[in-house]
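Comments concern the structure below.
Nothing here was measured: the structure is a model prediction, and the numbers come from that model. When a ligand or atom number is given, it counts from 1 through the structure's own listing order.
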Amino acid sequence: MTNAASRREGSARAASPGEPVMPEVEQHLLTPASPGVGRVVETRPCTAGRKAAGFVRHICIDVSGTPLAGRFRPGQSFGVIPPGLTERGKPHKLRLYSIASPSRGEDGAGQTLSTTVKRTIDEHWDDHTLFLGVASNYLCDLKEGDEVAITGPAGKRFVLPADTGAHDYVFFATGTGIAPFRAMLLELFGTEGPATSRVALVMGAPYATDLLYHDELSELAERHENFTYLTAISRERDAAEGKGLYVQDRLRTHAGELTPMLDSDRTIVYICGIAGMELGILQAMGRALDPARLSQYLTLADEAPTDPLQWDRRMIPRTLRPTRRVLMEVY
Ligand SMILES: Cc1cc2nc3c(=O)[nH]c(=O)nc-3n(C[C@H](O)[C@H](O)[C@H](O)COP(=O)(O)OP(=O)(O)OC[C@H]3O[C@@H](n4cnc5c(N)ncnc54)[C@H](O)[C@@H]3O)c2cc1C
């Protein structure tokens, strides 16, 4: 068989059980060469109180009159081009931000989209002066009515499947990784009657004060018995466990709820947030699932250690290759 023939055969293979069929989505309707102009219509902190260690804002932008209006999907991102020049006199490059709104937008008509922005604040590594990230601080400083140059939408893999009702979902988020899941949850539990899917969200944060959209998500879970909302706080002592917990620990502490979901042919796993979080989740899945079930989420190369504790991040994606039932966006 020629290479071309084998490639064709590869792309035409039948989907394995539970493998999602992804929709065609539009991308790059607005580009850096010809961005659109959005207008901030709302900006508010999305942590519960003022005691959070970081500063994270829910920022809602009116995109009406731009090609983005009505044409973005949960899981996609949009670009922001900060004004001004870099130290080298070049225009700033765009930064991507996940869309936190369902496709109907925040206004129900797809004319406004929101995102969840964390201010990047640090000390310079070399001279310990204050380091402020360009785009995140620009966005968080904007006031209602201010204009912002936008591009997008971007991303076609990290979206909900074409037939959302054919699947159940386990979402793992850390930090602003919650943004696409807020969008997906509002899409799934939208205005068109009760969702038939089961959905579990595990949200990780260092301290309880850093949880994002906590009240909104708690209310959603109260209203929908098929939505389970779990938190994992890493730097506070969990009363039952006597130590801090990471998102993957919920696969053990809530095995009764989560393992049957992962054991189902319907389930897709989504991971979004801090780069590195995926390893712990894959390891915990490796411990929770029998090899046949695990293989539907993760293809292990021959040289992969059998003990998940011996896996490391550099093994992803060659030695540990997530299947199409694991979707990741880490940054
Ligand atoms: C697909 C995708 C979706 C994303 N979604 C979101 C989202 O929803 N919300 C969100 O907040 N972010 C999101 N991000 C991240 C976002 O794009 C930006 O990278 C982030 O906001 C930082 O941008 P900035 O311009 O503020 O920082 P920058 O000015 O770009 O500064 C950060 C850079 O500076 C360097 N740096 C960091 N600290 C120091 C230091 N102490 N001294 C010297 N250099 C340093 C780092 O190398 C880093 O590359 C997403 C990224 C991707 C790829």
Geometric N/O contact [X] with ligand 1, under 3.5 angstrom:
X: Ala135; value: yes
X: Ser77; value: no
X: Thr116; value: yes
X: Val117; value: no

Positive for side-chain contact (heavy atoms from CB on, under 4.5 Å) with Gln76, one of Arg71, Arg157, Gln27, Lys156: Gln27
Region of Val134 that comes within reach of ligand 1 [heavy atoms, distance under 4.0 Å]: both
Any donor-acceptor N/O pair, Glu187 side chain to Ser103 backbone, under 3.5 Å: yes
Test item: Thr31 side-chain N/O and His28 main-chain N/O as donor-acceptor pair under 3.5 Å: no
Would you mind checking which non-hydrogen protein atom is closest to [atom], with the distance to 0.1 Å?
atom: atom 3 (C) of ligand 1; result: Ser98 OG, 3.6 Å
atom: atom 17 (O) of ligand 1; result: Leu96 O, 2.6 Å
atom: atom 13 (C) of ligand 1; result: Tyr331 CE1, 3.4 Å
atom: atom 37 (C) of ligand 1; result: Phe131 CE2, 3.6 Å
atom: atom 41 (N) of ligand 1; result: Glu123 O, 2.4 Å

Closer than 4.0 Å: a protein non-hydrogen atom to atom 39 (C) of ligand 1: yes
